[in-house]
Every structure is written in structure tokens, then in C-alpha cells.
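What follows is one structure encoded as C-alpha cells, with my remarks underneath.
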Amino acid sequence: MGAALRVCFVGDSFVAGVGDETHRGWAGRLIARGIERGYALTGYNLGVRGDTSAMIRQRFEAECVARFPPGDHAVGVVFSFGVNDVIRWGAKPRVAVEDRIPNLAAILGAAGERNWPILMIGPPAIADDALNAELLELDAQMRAFCRSQMVPYLGVHEDLAGNDLWRREVAADDGAHPRAAGYDLLAGLASGAWDAWLQDVAARLEP
């Protein structure tokens, strides 16, 4: 068995895999991929349905600390969120536009202070075209900020918005979440970035 790793997947309902009848979501698929590639990987799914960036900012650090005890293993955190920030409750978005990147900055800053390697995966597309336009803008802003902080960022929004399978699955469910085939697609989009990042995390254990 290869390097011992612990990885937390932190985010919203898409991280939790809501809608997936196999109960794996994209995070579970990436965890399985890592194990198949020889890593002694323990993955923790910390996706919470309905969570915004503000809510993740408040909870993620303590949850990860509890899963990263001292020991002979490497650790890392995969973040993915954003859709709930743009969702409307009444006339206003759940997180104001001017607060979204500061929340991201605080999250990445707290993880960076603990020297946790980070992989950021951007928000997916949903069935609402108006909100998708806002998500596309948020995706670009998040990408730019992550680049400025030297944090690897994978944008998936455009690929999913233009994919017929994803659009069909989301429309057939609740207008946001796909089923298993959609999560297969999302995991496939993320697999290259995941493989490269996981290899870098494992390298921290090398003498």
C-alpha cells in the first residue's frame, strides 16, 4: 500500500452527493480512484446540503482538525461550493456579491495557516440560466483569486452547462442535482486535477 493520506471534502450538497442513487457522489468516486491508484487513503465527506461560503467558513476548520490528528500521514482539503451563495431567498441572494470572495479568502487563509494542501473545485451548473450566468461570473472570480494564492483550481461550470447528459439529469431531478451518471461525469472532469494534487500531497511524506 502506498502513502497514508487523509483528505476532507468540504462543501455543499454537490459534495455530499445529493441525488446520487449509489450514494457515492463525485467525492466518493475520487476517493475510490485514489485507493485504486495505491494510496492508503481515508476520505471524509463533509458536504452539508444548503451550505453557503459563509457557513463553510464558520465550520470547516474544526471539522477538519478533528479528522487530522497527529500521525504518520499526509493531509489535504478539497473544497467546492458557490451555488448556494447565488440562490435567492426572497429577492436577495443568500450571500451578497461583495462577501463571496472574502469568504473564500478567509477559508483558504485559515487552511493555509495550518499548512493544509488545498484543491478547489468550482461550482457546477444548475437548471436556472439566470443563476448560471451569475455562477459563471463567480467561477471566474474564484479562479482568479485561487490563482493569486497559488491554490489549484478546477472550473467545471462551463463543461457541465454545455453537457446534454448533465442538463437532462439536473432537469429531471430537482433543477440542481444530477443522479449517478451526472456524478460520474463530474468525477471524470475532476480526475486529472485530483490525481496530480493527490500525488503532490503524498510527496509530503517522502523523506
- State which residues pass side-chain contact (heavy atoms from CB on, under 4.5 Å) with Arg24; sequence neighbours excluded, sorted by chain then number.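 Arg24: side-chain contact (heavy atoms from CB on, under 4.5 Å) contacts with Asp20, Thr22, Arg29, Asp184.
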Indicate the atoms forming the closest heavy-atom contact of [X] with [Y], along with that distance.
X     : Y      : result
Phe68 : Val7   : CE2-N, 4.4 Å
Cys64 : Leu46  : SG-CD1, 4.2 Å
Arg57 : Ala106 : NE-CB, 3.2 Å

Single-linkage hydrophobic cluster [X]~[Y], side-chain heavy atoms < 4.5 angstrom:
X      : Y      : answer
Val48  : Ile87  : no
Leu136 : Leu131 : no
Val78  : Met55  : no

Got a list of side-chain donor-acceptor pairs under 3.5 Å for residues 165-173, not counting sequence neighbours?
residue: Trp166; atom: NE1; partner: Ala125; partner atom: O; Å: 3.0
residue: Arg167; atom: NH1; partner: Ala161; partner atom: O; Å: 3.1
residue: Glu169; atom: OE1; partner: Arg179; partner atom: N; Å: 2.8
residue: Glu169; atom: OE1; partner: Gly182; partner atom: N; Å: 2.8

So, the side chain of Asn45 versus the backbone of Val15: is there a donor-acceptor pair under 3.5 Å, distance only?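 Yes: the side chain of Asn45 pairs with the backbone of Val15.
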Do Ser13 side-chain atoms and Ala16 backbone N/O form a donor-acceptor pair below 3.5 Å?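 Here the side-chain-to-backbone pair does not exist.
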Under 3.5 Å, side-chain donor or acceptor atoms of residues 137-151 against the rest of the protein: list the pairs with distances, not counting sequence neighbours.
residue: Asp139; atom: OD1; partner: Tyr153; partner atom: OH; Å: 2.6
residue: Ser148; atom: OG; partner: Phe145; partner atom: O; Å: 2.6

From [X] atom [atom1] to [Y] atom [atom2], the distance as rounded to the nearest 0.5 Å:
X      : Y      : atom1 : atom2 : answer
Leu160 : Asn132 : CG    : CG    : 10.0 Å
Leu135 : Asp128 : CG    : CG    : 9.0 Å
Leu41  : Leu198 : CG    : CG    : 6.0 Å
Leu154 : Leu189 : CG    : CG    : 7.0 Å
Thr52  : Asn103 : OG1   : CG    : 7.0 Å

Qualifying side chain to side chain donor-acceptor pair (under 3.5 Å) pairs, either residue in residues 67-86, two or more places apart
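Pairs touching residues 67-86 that pass the test: Ser53-Asp85.
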- Task: Please report the C-alpha distance between Thr42 and Leu5 in whole Å, then the side-chain angles of each, then the deciding distance to 0.1 Å, and finally whether the side chain to side chain contact (heavy atoms under 4.5 Å, CB included) criterion is met.
- Result: CA-CA 6 Å; Thr42 301; Leu5 310 175; over 6 Å; no
Please table the atom pairs, donor to acceptor, closer than 3.5 Å between any side-chain atom in residues 89-99 and protein atoms at least two apart or in another chain.
residue: Arg94; atom: NH1; partner: Gly50; partner atom: O; Å: 2.7
residue: Arg94; atom: NH2; partner: Gly50; partner atom: O; Å: 3.1

Scan the side chains in residues 112-122 for donor-acceptor partners under 3.5 Å anywhere in the protein, sequence neighbours excluded, and list what turns up.
residue: Arg114; atom: NE; partner: Glu61; partner atom: OE2; Å: 2.6
residue: Arg114; atom: NH2; partner: Glu61; partner atom: OE2; Å: 3.4

All ring pair (Phe, Tyr, Trp, His ring centres under 6.0 Å) counterparts of [X], not counting sequence neighbours:
X      : answer
Phe14  : His177
Tyr44  : none
Trp194 : Phe9, Trp197

**Report entry** Residue pairs fulfilling salt bridge (Lys or Arg N to Asp or Glu O under 4.0 Å) with at least one residue in residues 115-127, sequence neighbours excluded
**Finding:**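 Every pair satisfying salt bridge (Lys or Arg N to Asp or Glu O under 4.0 Å) with a residue in residues 115-127: there are none.
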Exercise for the section: Under the side chain to side chain donor-acceptor pair (under 3.5 Å) rule, collect the residues that match up with Asp195, sequence neighbours excluded. Expected result: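 Here the qualifying residues are Arg33.
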inquiry  = Test of understanding: with salt bridge (Lys or Arg N to Asp or Glu O under 4.0 Å), list the residues that count as partners of Asp51, not counting sequence neighbours.
reply    =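 Asp51 satisfies salt bridge (Lys or Arg N to Asp or Glu O under 4.0 Å) with Arg59 only.
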